Structures are given as C-alpha cells and as structure tokens.
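Structure first, then comments.
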Amino acid sequence: MDLNTVLDVRDARRREPWRPGDAWLGGGTYLFSEPQPHIRRLIDLSRMGWPPLSWQPDGALDIAATCTITELSRFGRSLTPATAPAAPLIEQCCRAFLASFKIWNMATVGGNLCNGLPAGPVISLAAGLDATVLLQGQDGATRRLPVPDFIRGAGVKDLREGELLRSVRVPARSLTCRTAFRQASLYGLGRSGALVIGTRDPQDGSFALTVTAATTRPFRFWFALPPTAAELREAIDTAVRPDEWFDDIHGLPDWRRHMALRQAEEIRRELTSASLELELEEVSR
C-alpha cells in the first residue's frame with residue numbers, strides 16, 4: 001500500500017533529531033499493509049549492518065531487530081538438538097507465522113515484537129525462551145526488559161517516544177532446555193488462537209510454561225518443580241483475568257481459555273514423562 005502521508009525516507013545511519021510523525025522502518029510488512037495517516041517520515045534500518053544472529057561470550061544468543069523470519073528459520077534449522085535442545089522451537093514458532101515466503105523474506109524479529117499482536121510468533125518464541133529485549137533511546141541510553149514486561153497488552157508495548165528495539169537476547173541456559181509446543185487455530189491455515197510453550201531445565205528440573213495468542217499479552221509461569229495438573233490450572237486462572245483472554249474473529253475468549261488450559265496440561269504431561277524416562281535411563285546405566 002502507498003503511504004501517501006510520508007514525505008521523506010531517511011537512512012537510520014544518519015542521526016537526526018526525532019520529530020512527531022517519525023517511524024522506524026524494518027521490513028515494512030505491517031507499515032505498508034494499511035493506512036498510517038500519522039506517519040510523515042520513515043527512518044530506514046535496513047542498512048545498519050547488524051549481524052542477524054550472534055553468539056555472546058557467555059553462550060547467550062543475540063537476535064538483531066532487523067533479522068528476518070527467513071534468517072531466523074534458517075539459523076534454527078542449522079542447530080542440532082545435541083548442542084541446543086531448544087532449537088526445534090525456533091522453527092515451530094516460525095511456522096506459526098502463517099505468511100508467504102515474500103513476507104518471510106521481509107518481516108523482521110523487531111517488527112513482530114513491536115507490533116505487539118497476541119498471535120505474534122516471535123513474541124511467543126522470545127517469551128517462551130525467557131528472552132529479554134534491548135531498547136535504545138534517542139539519547140543513546142539503553143534498557144533491557146523481559147518480553148512479558150515489554151508487551152503490556154494487545155498492541156500495547158513499553159516503548160518510549162523515538163525508542164528503538166535493538167535486539168533480543170536468549171539466555172544460554174534457555175537453549176539447553178527441553179521444550180514442548182502446542183498451537184491451535186480455528187482454521188487449518190488460520191492465525192494462532194492459542195500458542196503454549198513449555199520448557200524443562202535439565203540443570204535444576206524447573207518447569208516453565210508460556211501462554212500467548214490466547215491472551216492479550218504473554219504470560220509466563222515458572223515452577224521450581226513440575227506442578228500437578230491442579231496447580232498449573234490454578235496458576236493460569238489466577239494470573240489471567242477474564243478480560244485478558246483475547247477476543248477477536250480468530251477465537252472467542254472462552255474457547256481460547258479452554259484450548260490454552262488443554263495445551264498446558266498436554267505440555268505438563270509431555271515434559272514430566274520425558275523427564276521421568278531420562279531419569280530411568282540414567283538409573284539403568
């Protein structure tokens with residue numbers, strides 16, 4: 001779509017004062033999908049030269065805001081479960097991004113997060129792996145937030161005027177976790193109505209569950225030991241208010257809650273039984 005209110009496009013490498021009507025341009029798949037009457041100037045990030053994905057000295061993984069879904073998917077498939085047990089989750093979440101290859105080649109990690117949509121699969125991935133986002137202000141100051149704190153509601157983010165989402169950091173420990181993934185849509189190729197991710201930490205046996213798509217914002221639940229079915233259900237129902245179950249044409253709140261609770265219990269059983277099998281194997285040795 002032509003944005004007929006845009007008067008100028010500037011290279012982000014040229015630092016200029018932020019002004020009303022400015023907007024960051026990553027892949028543009030959302031910006032050019034519908035009218036944006038409030039935008040007067042686009043600040044193009046495509047030439048910043050940030051490495052799409054990079055390993056940190058402590059083993060953490062940094063994902064640049066400009067990393068495309070194609071690059072993220074390719075990277076996830078290059079990892080092996082032996083070195084990064086959580087690697088399959090990357091491709092699973094990319095596949096939840098129900099879009100054509102043309103969108104995959106342009107849509108960015110930062111754009112998906114900054115849209116803040118409940119069904120954003122990068123939001124699901126980042127929250128599921130306990131990732132944080134690095135935000136950079138116009139004065140150069142930075143701050144880091146957990147993804148569930150960054151996304152405050154449907155389309156609502158903790159972004160200040162002119163602030164840029166620079167990157168996403170996945171802790172090294174998260175990549176060593178066993179994972180389980182569940183997604184539900186009203187249609188075979190529909191937008192996610194519920195997407196639940198579970199992780200089991202092999203170091204301390206802790207269990208974490210993240211609910212997205214079904215809710216207006218990500219909810220992450222952490223347990224020192226795997227919870228019972230009743231404990232998990234109670235934790236979800238206590239934390240998620242009735243008005244925080246998302247409501248749109250892709251699913252009613254009651255259906256989303258039902259699917260999220262069902263998926264949560266399936267994941268609890270899957271990761272608990274997987275842990276028991278591994279323990280029995282170690283004992284038999």
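We use all heavy atoms of the structure for the numbers below, so side chains are in, but hydrogens, waters and symmetry mates are not. Keep in mind the model is a prediction, meaning the values are calculated, not measured.
Within the 3.5 Å criterion, the main-chain N or O of C114 finds a donor-acceptor partner in the side chain of K157. For D2 (side chain) and N4 (main-chain N/O), no donor-acceptor pair under 3.5 Å exists by modelled atom type. N115 places no side-chain N or O within 3.5 Å of a backbone atom of L117 that could act as its donor or acceptor partner. Judged by distance alone, the side chain of T212 and the main-chain N or O of S124 form no donor-acceptor pair under 3.5 Å. Between the T199 side chain and the T179 main chain, no donor and acceptor come within less than 3.5 Å of each other. Between the side chain of R166 and the backbone N or O of L134 there is no donor-acceptor pair closer than 3.5 Å. A donor-acceptor pair is defined here as one N or O able to donate and one able to accept, closer than 3.5 Å; no such pair exists between the side chain of R143 and the backbone of G137. One N or O on the side chain of D22 and one on the backbone of R19 form a donor-acceptor pair closer than 3.5 Å. With hydrogens and angles disregarded, a donor-acceptor distance shorter than 3.5 Å links the side chain of R40 to the backbone of P37. Between the side chain of R217 and the backbone N or O of P148, no donor-acceptor pair lies under 3.5 Å.
Taking a 4.5 Å side-chain heavy-atom cut-off between Ile, Leu, Val, Met, Phe, Trp and Tyr, the cluster of V156 contains only that residue.
The line from OG1 of T5 to CD of Q36 is 8.0 Å long, rounded to the nearest 0.5 Å. The CG atom of D204 lies 8.5 Å from the CG atom of L225; values are rounded to the nearest 0.5 Å. The line from CD1 of I267 to CZ of F181 is 9.0 Å long, rounded to the nearest 0.5 Å. Expressed to the nearest 0.5 Å, how far CG of L186 lies from CH2 of W255 amounts to 4.0 Å. How far CD of Q92 is from CZ of R182: 9.0 Å, rounded to the nearest 0.5 Å. Rounded to the nearest 0.5 angstrom, R169 CZ and I63 CD1 are separated by 11.0 Å.
The side chain to side chain donor-acceptor pair (under 3.5 Å) with R268 is formed by just one residue from the set E270, E266, E265; it is E265.
There is a path of hydrophobic side-chain contacts, each under 4.5 Å, that joins I151 to V170.
Between R257 and D237, at least one side-chain N (NZ, or NE/NH1/NH2) sits under 4.0 Å from a carboxylate O, which counts as a salt bridge.
Remark: W24 pairs with W18 by the ring pair (Phe, Tyr, Trp, His ring centres under 6.0 Å) rule, at least two apart or across chains.
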Next item on the list: Evaluate side-chain contact (heavy atoms from CB on, under 4.5 Å) for L89 paired with C177, printing each intermediate quantity in order.
Entry: CA-CA 10 Å; L89 188 62; C177 291; over 6 Å; no

Next item on the list: Take L45 and L164 through the test side-chain contact (heavy atoms from CB on, under 4.5 Å) and record every step on the way to the result.
Entry: CA-CA 10 Å; L45 297 167; L164 169 69; 3.7 Å; yes

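Defined by atom type and a distance below 3.5 Å, a donor-acceptor pair is missing between the side-chain atoms of D62 and S54. Side-chain atoms of S73 and E91 form a donor-acceptor pair, as typed in the model, at a separation below 3.5 Å.
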